[in-house]
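Residues take their numbers from the sequence shown, with the count starting at 1. Values below: every heavy atom of this structure, side chains too, minus hydrogens, waters and symmetry copies.
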Amino acid sequence: MAKFIFVTGGVTSSLGKGIIAASLAKLLQSRGLKVTIQKFDPYINVDPGTLNPYEHGECYVTDDGAETDLDLGHYERFLNTPTSQANNVTTGRIYQTVINKEREGEYLGKTVQVVPHITDEIKRRMLMLGEKGFDIVITELGGTVGDIESLPFVEAVRQLQWEMPEEDCLVVHLTLIPYLSAAKELKTKPTQHSVRLLSQEGVRPDIIVCRTEKPLSEEIKRKIALFCNVKPNAVIEAMDAGTIYEVPLKMLQEGLDVIVLKKLQINGYSAPDLGKWRGFLDRLNYPKSRVTIGLIGKYIELQDAYKSILEAFIHAGAVNQCKVQIVNIHSEYITDDNVAEKFRELDGLLVAPGFGTRGVEGKISAVKYARENQLPFFGICLGMQMSVIEYARNVLGWKDAHSTEMNTATSYPVIALMEEQKKIKKKGGTMRLGAYPCSITKGSLANKIYGTTEISERHRHRWEFNNNYLEDFERAGMIPSGKNPQTGLVEIVELANHPYFIGVQYHPELKSTVENPHPLFVNFVQAAKWFADTKAGAVAAMAETV
Ligand code: GLN
């Protein structure tokens with residue numbers, strides 16, 4: 001039988017519940033337990049797939065094709081185990097299920113209400129992963145305690161806390177202890193209030209995790225414990241960390257895992273095995289080289305929009321013991337005229353995924369520069385599509401070549417919609433989503449990078465390389481080195497006469513974890529190192545001749 005841990009948040013959003021949940025999960029996993037994490041989000045969208053990145057950051061896609069919250073990315077990166085549709089549930093999905101059941105007559109004669117029908121559906125889904133062989137299921141509740149929309153979720157936790165044996169259910173409440181610089185003091189009052197709010201809703205927290213800029217003294221911990229009705233050892237300090245990957249070690253120091261195990265009455269667990277994790281942190285914290293990579297996108301002011309890409313670079317940097325400095329460059333402001341100036345410092349170029357017309361011409365100029373200047377290039381999804389368009393326009397000479405996403409009247413629709421996609425009217429969950437196999441050509445760059453010819457990667461897009469033009473591209477030197485074995489859809493393109501140019505239709509960033517850094521990112525960082533060294537070598541050679 002699985003045991004359940006619920007993670008709630010108080011005082012403010014953005015305290016990092018996902019990271020705390022993932023860190024706790026990591027510690028429990030490192031002691032030999034089978035752990036999974038799920039996220040319950042109180043908004044009414046059925047899933048975050050229809051949300052603009054400005055609203056909710058990146059949409060993370062699982063192997064089974066679920067469009068989910070970006071916290072699931074953290075869960076996978078920390079635990080190195082895949083999540084699925086079942087790991088992310090929203091209010092919209094709960095209501096959709098209940099309303100569908102009502103229409104089918106399942107509640108015949110009854111008035112359908114928030115309590116018990118909505119809360120029962122929430123509880124059913126909260127317990128579902130408990131039947132899949134996990135020892136511990138951690139549930140993160142999105143939002144902040146006191147929000148109107150999170151009430152049914154908190155009520156479901158209250159009922160579960162009441163129904164389950166005490167040692168099977170635990171509530172961890174994450175709050176903020178602000179530091180007032182004028183008073184030179186840490187303040188516990190917001191935490192007291194948020195715990196009171198949670199208690200008014202009937203939920204008694206077992207552990208309080210406190211986000212803080214300054215260390216918590218024993219006295220402050222005792223004060224929080226007294227007012228929040230927990231023992232002082234159940235008050236955990238969560239100091240700001242240099243990287244999210246240090247948080248599990250901080251939680252270990254604070255004994256979060258030990259108190260959780262004690263409260264859940266789990267005995268006979270092993271000592272934490274965090275050797276690989278510490279090794280990763282050492283390589284990350286003590287780099288021996290440095291590269292600068294340009295990230296070309298249109299959401300660059302937004303940290304969360306390219307979350308998985310940024311994390312994949314952290315993993316790949318650590319493998320290479322190389323500090324990867326990411327320079328965000330807004331695609332809307334790149335032109336053929338200013339690109340050389342903007343890219344002067346770069347050792348590699350990543351053109352990001354995206355939707356819609358805004359900024360695509362800048363992405364095309366960026367690809368052109370990388371192609372013509374031997375700069376290592378990595379295009380993901382829309383980035384790959386832009387590399388195809390750039391090649392069509394500037395090498396094949398098809399001046400108005402485009403994707404029909406941006407120009408339906410183009411004479412050369414080199415990126416086009418698949419037949420199945422043309423009929424689709426509904427937006428939610430209808431893209432080409434989730435894991436698909438891809439066969440790689442022997443001897444290609446992709447083959448060298450992956451070290452195999454059969455891979456599986458996750459997708460999230462509607463448009464595809466148009467195979468009507470395949471031969472023209474091949475003749476002109478753009479190689480389709482990866483294809484879907486069933487449909488023949490082109491998944492990878494590369495260039496014959498370029499040291500490192502690769503575009504992929506899928507999203508490799510979604511599969512990069514601390515333990516399994518993605519080979520495409522690892523190799524791209526190596527290529528950037530090679531470029532930096534060559535550049536440095538050339539400069540040195542030039543200096544000698546002067
Ligand atoms: N807009 C493109 C498509 O739908 C690319 C999507 C993406 O980059 N994820 O095909």
A.B. asks: So, for Arg458 and Asp63, which heavy atoms are closest and what is the spacing to 0.1 Å?
C.D. replies: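 Looks like NE-OD1, 2.9 Å.
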A.B. asks: Side chain to side chain contact (heavy atoms under 4.5 Å, CB included) between Asp47 and Gln85: does it pass, once the steps are laid out?
C.D. replies: CA-CA 10 Å; Asp47 61 44; Gln85 178 69 75; 5.5 Å; no
A.B. asks: Closest approach of Lys307 and Glu58, non-hydrogen atoms and distance?
C.D. replies: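 For Lys307 and Glu58, the tightest heavy-atom pair comes out as N-OE1, 3.5 Å.
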A.B. asks: For the rings on Tyr450 and His518, is their centre-to-centre separation under 6.0 Å?
C.D. replies: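 Yes.
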A.B. asks: I want to check something: taking the side chain as every heavy atom from C-beta on, are Leu51 and Tyr43 in contact at a cut-off of under 4.5 Å?
C.D. replies: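 They are in side-chain contact.
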A.B. asks: Does Ser84 offer a backbone N or O that forms a donor-acceptor pair with the side chain of Asn87 under 3.5 Å?
C.D. replies: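 Judged by distance alone, yes, a pair lies under 3.5 Å.
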A.B. asks: To the nearest 0.5 Å, what is the distance between NZ (Lys535) and CG (Leu375)?
C.D. replies: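 Rounded to the nearest 0.5 Å, the NZ-CG separation comes to 8.0 Å.
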A.B. asks: A side-chain contact here means heavy atoms from C-beta on lying under 4.5 Å apart; do Ile492 and Cys438 qualify?
C.D. replies: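 Heavy-atom side-chain distance check passes, below 4.5 Å.
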A.B. asks: Which atoms form the tightest heavy-atom contact between Ala409 and Asn407, and what is the distance?
C.D. replies: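 In terms of heavy atoms, the two residues are closest at N-OD1, 2.9 Å.
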A.B. asks: Please enumerate all residues that pass salt bridge (charged side-chain N to carboxylate O under 4.0 Å, His left out) together with Glu361, with sequence neighbours excluded.
C.D. replies: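 Scan of Glu361 (salt bridge (charged side-chain N to carboxylate O under 4.0 Å, His left out), adjacent residues dropped) gives Arg393.
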A.B. asks: Are more than 12 heavy atoms from other residues, nucleotides or ligands located less than 6.0 Å from atom CD1 of Ile44?
C.D. replies: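 It does not: Ile44 CD1 has 12 such atoms or fewer within range.
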A.B. asks: Parallel under 30°, tilted from 30 to 60°, perpendicular over 60°: which one fits the rings of His498 and Phe501?
C.D. replies: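 If you compare the ring of His498 with that of Phe501, the planes turn out perpendicular.
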A.B. asks: If you look at every heavy atom in Ser308 and Glu509, which pair is closest and at what distance?
C.D. replies: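 Where Ser308 meets Glu509 most closely, the heavy atoms are CB-CG, 3.5 Å.
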A.B. asks: Apply the test ring-ring contact (aromatic ring centres under 6.0 Å, His included) to residues His315 and Tyr245: give CA-CA distance (whole Å), side-chain angles for both, the deciding distance (0.1 Å), then the verdict.
C.D. replies: CA-CA 10 Å; His315 310 153; Tyr245 299 106; 5.6 Å; yes
A.B. asks: Salt bridge check, Arg358 against Glu332: does any charged N sit closer than 4.0 Å to a carboxylate O?
C.D. replies: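 Salt bridge: yes.
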A.B. asks: Taking the basic N atoms (NZ, or NE/NH1/NH2) and the acidic carboxylate oxygens, is any pair closer than 4.0 Å for Lys529 and Asp347?
C.D. replies: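 Not counted as a salt bridge, because no side-chain N and carboxylate O are separated by less than 4.0 Å.
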A.B. asks: Can you tell me how far the CD1 atom of Ile37 sits from the CG atom of Leu79, to the nearest 0.5 Å?
C.D. replies: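 Answer rounded to 0.5 Å: 4.5 Å.
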A.B. asks: Trp463 and Phe355: ring-ring contact (aromatic ring centres under 6.0 Å, His included), yes or no, with the steps?
C.D. replies: CA-CA 10 Å; Trp463 277 266; Phe355 294 84; 8.3 Å; no
A.B. asks: Do side-chain atoms of Asn467 reach the backbone of Gly488 as a donor and acceptor pair under 3.5 angstrom?
C.D. replies: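 Yes, Asn467 side chain to Gly488 backbone: donor-acceptor pair under 3.5 Å.
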A.B. asks: Taking Tyr469's backbone N and O only, do any of them form a donor-acceptor pair with Tyr412's side chain (distance below 3.5 Å, no angle check)?
C.D. replies: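 Side chain of Tyr412 to backbone of Tyr469: no pair is present.
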A.B. asks: For the backbone of Thr430 and the side chain of Gln421, can you confirm whether one donor and one acceptor N or O come within less than 3.5 Å of each other?
C.D. replies: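 Present.
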A.B. asks: Apply side chain to side chain contact (heavy atoms under 4.5 Å, CB included) to residues Leu489 and Arg432 and explain how you reach the verdict.
C.D. replies: CA-CA 12 Å; Leu489 287 170; Arg432 185 174 172 219; 3.8 Å; yes
A.B. asks: One pair to check against salt bridge (charged side-chain N to carboxylate O under 4.0 Å, His left out): Lys368 and Glu390. What are the steps and the verdict?
C.D. replies: CA-CA 6 Å; Lys368 179 168 185 277; Glu390 191 278 323; 5.9 Å; no
A.B. asks: Using a 4.5 Å cut-off on heavy atoms from C-beta on, say whether the side chain of Val395 contacts that of Arg371.
C.D. replies: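 Of all side-chain heavy-atom pairs linking Val395 with Arg371, at least one is under 4.5 Å.
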A.B. asks: In Å and rounded to the nearest 0.5 Å, what is the CE to CE distance from Met386 to Met406?
C.D. replies: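 Going from CE on Met386 over to CE on Met406, the span is 4.0 Å.
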A.B. asks: Taking side-chain hydrogen bond (donor to acceptor under 3.5 Å, both in side chains) as the test, write out the residues that go with Glu454, two or more places apart.
C.D. replies: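 Here the qualifying residues are Ser439.
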A.B. asks: Could you walk me through whether Glu140 and Tyr75 pass the side-chain hydrogen bond (donor to acceptor under 3.5 Å, both in side chains) check?
C.D. replies: CA-CA 11 Å; Glu140 178 193 345; Tyr75 308 161; 2.4 Å; yes
A.B. asks: Do side-chain atoms of Thr513 reach the backbone of Glu76 as a donor and acceptor pair under 3.5 angstrom?
C.D. replies: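 Checking the backbone N and O of Glu76 against the side chain of Thr513, no donor-acceptor pair under 3.5 Å is found.
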A.B. asks: What verdict does the side chain to side chain contact (heavy atoms under 4.5 Å, CB included) test give for Thr90 and Asn45, after you've listed the backbone C-alpha separation in whole Å, the side-chain angles of each residue and the deciding distance to 0.1 Å?
C.D. replies: CA-CA 7 Å; Thr90 67; Asn45 304 61; 5.7 Å; no
A.B. asks: Could you pull out the closest heavy-atom pair between Asn320 and Ala316, with the gap in Å?
C.D. replies: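 That would be ND2-O, 3.0 Å.
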A.B. asks: Could you tell me the separation between the OH atom of Tyr391 and the CG atom of Leu495, rounded to the nearest 0.5 Å?
C.D. replies: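 The CG atom of Leu495 is 5.0 Å from OH of Tyr391, to the nearest 0.5 Å.
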A.B. asks: Are any of the side-chain heavy atoms of Ser150 and Leu141 separated by less than 4.5 Å?
C.D. replies: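 No - every pair of side-chain heavy atoms lies 4.5 Å or more apart.
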A.B. asks: Measure the spacing between CZ of Phe134 and OG1 of Thr36 and express it to the nearest 0.5 Å.
C.D. replies: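 Here the interatomic distance stands at 4.0 Å.
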A.B. asks: Do the non-hydrogen side-chain atoms of Pro508 and Phe521 ever get within less than 4.5 Å of each other?
C.D. replies: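 Yes, close enough: below the 4.5 Å cut-off.
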A.B. asks: Under 3.5 Å, side chain of Lys250 to main-chain N/O of Ala238, donor-acceptor pair present?
C.D. replies: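 Side chain of Lys250 to backbone of Ala238: no pair is present.
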A.B. asks: Could you check whether Glu246 and Asn285, counting side-chain N and O atoms only, form a donor-acceptor pair closer than 3.5 Å?
C.D. replies: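 A pair is found: one side chain offers a donor N or O, the other an acceptor, under 3.5 Å apart.
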A.B. asks: May I ask you to test the His459-Glu491 pair for a side-chain heavy-atom distance under 4.5 Å?
C.D. replies: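 Yes. Closest side-chain heavy atoms under 4.5 Å.
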A.B. asks: Do the charged groups of Glu420 and Lys423 touch, with an N to O distance under 4.0 Å?
C.D. replies: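 So Glu420 does not pair with Lys423 through a salt bridge.
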A.B. asks: Looking only at atom types and distance, does a side-chain atom of Asn466 sit under 3.5 Å from a main-chain N or O of Asn468, one as donor and one as acceptor?
C.D. replies: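 Between the backbone of Asn468 and the side chain of Asn466 there is a qualifying donor-acceptor contact (under 3.5 Å).
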A.B. asks: Got more than 12 heavy atoms from elsewhere within 6.0 Å of NZ, Lys132?
C.D. replies: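 Count not over threshold, so no.
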A.B. asks: Might you work through the side-chain hydrogen bond (donor to acceptor under 3.5 Å, both in side chains) test for Gln385 and Ser403, ending with a clear yes or no?
C.D. replies: CA-CA 8 Å; Gln385 297 176 355; Ser403 161; 4.8 Å; no
A.B. asks: Does a side-chain heavy-atom distance below 4.5 Å link Leu346 with Ile329?
C.D. replies: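 Result yes, sub-4.5 Å side-chain heavy-atom pair found.
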A.B. asks: Under the 3.5 angstrom rule, does the side chain of Lys363 hit a backbone N or O of Ser331 as a donor-acceptor pair?
C.D. replies: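 No, the answer is negative, given that no donor and acceptor are paired below the 3.5 Å cut-off.
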A.B. asks: May I ask you to decide if the ring planes of Tyr500 and Phe524 are parallel, tilted or perpendicular, using 30° and 60° as cut-offs?
C.D. replies: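 Taking Phe524 first and then Tyr500, their aromatic rings sit tilted (interplane angle of 30° to 60°).
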A.B. asks: So, Asp64 and Thr62: side-chain donor and acceptor under 3.5 Å apart, yes or no?
C.D. replies: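 Per modelled atom types, Asp64 and Thr62 side chains form a pair under 3.5 Å.
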A.B. asks: Evaluate side chain to side chain contact (heavy atoms under 4.5 Å, CB included) for Ile334 paired with Phe343, printing each intermediate quantity in order.
C.D. replies: CA-CA 10 Å; Ile334 301 172; Phe343 291 5; 4.0 Å; yes
A.B. asks: May I ask you to decide if Pro353's main-chain N or O and His461's side chain share a donor-acceptor pair within less than 3.5 Å?
C.D. replies: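 No; judged by distance alone, with no hydrogens or angles, the pair does not exist.
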A.B. asks: Of all heavy-atom pairs between Glu405 and Leu382, which one has the smallest distance, and what is that distance?
C.D. replies: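 That closest heavy-atom pairing would be OE1-CD1, 4.2 Å.
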A.B. asks: Heavy-atom distance under 4.5 Å between the side chains of Asn447 and Thr441, does that happen here?
C.D. replies: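 When only atoms from C-beta onward are counted, Thr441 and Asn447 do not touch, as no gap falls below 4.5 Å.
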A.B. asks: Can you measure from CH2 (Trp277) to CD (Glu515) and round to the nearest 0.5 angstrom?
C.D. replies: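 Those atoms lie 8.5 Å apart.
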A.B. asks: Would you say Glu121's side chain and Tyr95's backbone share a donor-acceptor pair under 3.5 angstrom?
C.D. replies: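 No, Glu121 side chain to Tyr95 backbone: no donor-acceptor pair under 3.5 Å.
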A.B. asks: Any side-chain donor-acceptor pair under 3.5 Å between Glu149 and Thr91?
C.D. replies: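 Looking only at side-chain atoms, Thr91 and Glu149 do not form any donor-acceptor pair under 3.5 Å.
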